[in-house]
**Student:** 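Let me begin by handing over the structure; questions about it come next.
Atoms within a ligand are numbered from 1 in the order they appear, just like the ligands themselves.
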Amino acid sequence: SLTRVFEREYTGPVYSDGVALVDAEGEQIAEDRLAPGEQLTVFPASHPGIERAPTLLVRFEEGEYGGETRAEFTVGGYAAFSKVCTHAGCMVADRDGTTLVCPCHSGRFDALSGATVVGGPPPRALPQLPITLSSDGYLVATGDFEGPVGPGGG
Ligand code: FES
C-alpha cells in the first residue's frame with residue numbers, strides 16, 4: 001500500500017497507483033498540463049509537511065532524457081525533482097535551457113540527467129520524485145523522494 005511506500009499518514013487523494021501531485025491552488029495535474037520544455041511547481045498532495053516538499057515538475061520529449069535519469073521515475077516525458085536546493089535550501093526557481101538554476105549561489109542541475117549537479121556549490125543532485133499517470137490521467141507520485149530533501153543528508 002502507499003502507506004507502506006511512504007511509511008507515513010496521508011490526507012490527500014490517493015490512487016491505487018500513487019498520491020496526487022497538485023499545483024499551488026491544489027488542482028491536480030492532468031497529463032496534458034505542460035508542453036515539452038515547460039515546468040511547474042507542484043506538491044505531492046499527501047506529503048506530510050507539504051510546505052517543505054515543493055517539487056519541480058518538468059516535461060521534455062521522452063527521448064531527450066539520458067545520463068542519470070531514472071527512466072522508471074518518469075512518465076510521458078515528465079520528471080519531478082525536489083525544488084529545495086541541496087546546498088543551502090533556497091528554492092531552485094530559475095531555468096537556463098534544460099538546466100535548473102538556483103538563484104542563491106548559481107547552483108546548476110541538469111534536468112535531463114537526474115538533476116545532477118553541473119555547476120556551483122551544491123553537493124548532490126536534487127532528489128527525484130518517482131511519478132506515473134493514474135488510471136484517469138493525472139500525475140501521481142508512486143513513492144517518496146529518492147533521497148533527502150534539501151541540505152544535509154550526505
Ligand atoms: Fe542553491 Fe546555494 S542554496 S546554490
**Student:** Go through the steps to decide whether Arg33 and Leu40 satisfy the test side-chain contact (heavy atoms from CB on, under 4.5 Å), and finish with yes or no.
**Tutor:** CA-CA 9 Å; Arg33 179 71 175 268; Leu40 180 70; 3.9 Å; yes
**Student:** Quick check: of its N, O or S atoms, which one does His105 have closest to atom 2 (Fe) of ligand 1?
**Tutor:** ND1
**Student:** Is the distance between atom 2 (Fe) of ligand 1 and the nearest N/O/S atom of His87 smaller than 2.8 Å?
**Tutor:** yes
**Student:** How about Cys85: does one of its N, O or S atoms come closer than 2.8 Å to atom 2 (Fe) of ligand 1?
**Tutor:** no
**Student:** Report, as yes or no, whether the 6.0 Å neighbourhood of atom CD on Glu38 holds more than 12 heavy atoms from other residues, nucleotides or ligands.
**Tutor:**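 Counting neighbours around CD of Glu38, more than 12 heavy atoms of other residues, nucleotides or ligands fall under 6.0 Å, so yes.
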**Student:** Counting each atom of ligand 1 from 1 as listed, which ones have a heavy atom of Gly107 under 4.0 Å away?
**Tutor:** 4 (S)
**Student:** What is the distance from atom CD of Gln128 to atom OG1 of Thr69, rounded to the nearest 0.5 Å?
**Tutor:**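 These two atoms lie 6.5 Å from each other.
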**Student:** What atoms of ligand 1 come closer than 4.0 angstrom to any heavy atom of Cys102?
**Tutor:** 1 (Fe), 3 (S), 4 (S)
**Student:** Does any part of the side chain of Val84, heavy atoms only, come nearer than 4.5 Å to the side chain of Cys90, both counted from C-beta?
**Tutor:**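 SC-SC contact between Cys90 and Val84 ruled out.
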**Student:** Students should be able to answer this: which protein heavy-atom is nearest to atom 3 (S) of ligand 1, and at what distance?
**Tutor:**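 Of every protein heavy atom, Ala88 N, 3.3 Å lies nearest to atom 3 (S) of ligand 1.
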**Student:** Ignoring hydrogens and angles, state whether a donor on the side chain of Gln39 or Arg59 is under 3.5 Å from an acceptor on the partner side chain.
**Tutor:**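 Looking only at side-chain atoms, Arg59 and Gln39 do not form any donor-acceptor pair under 3.5 Å.
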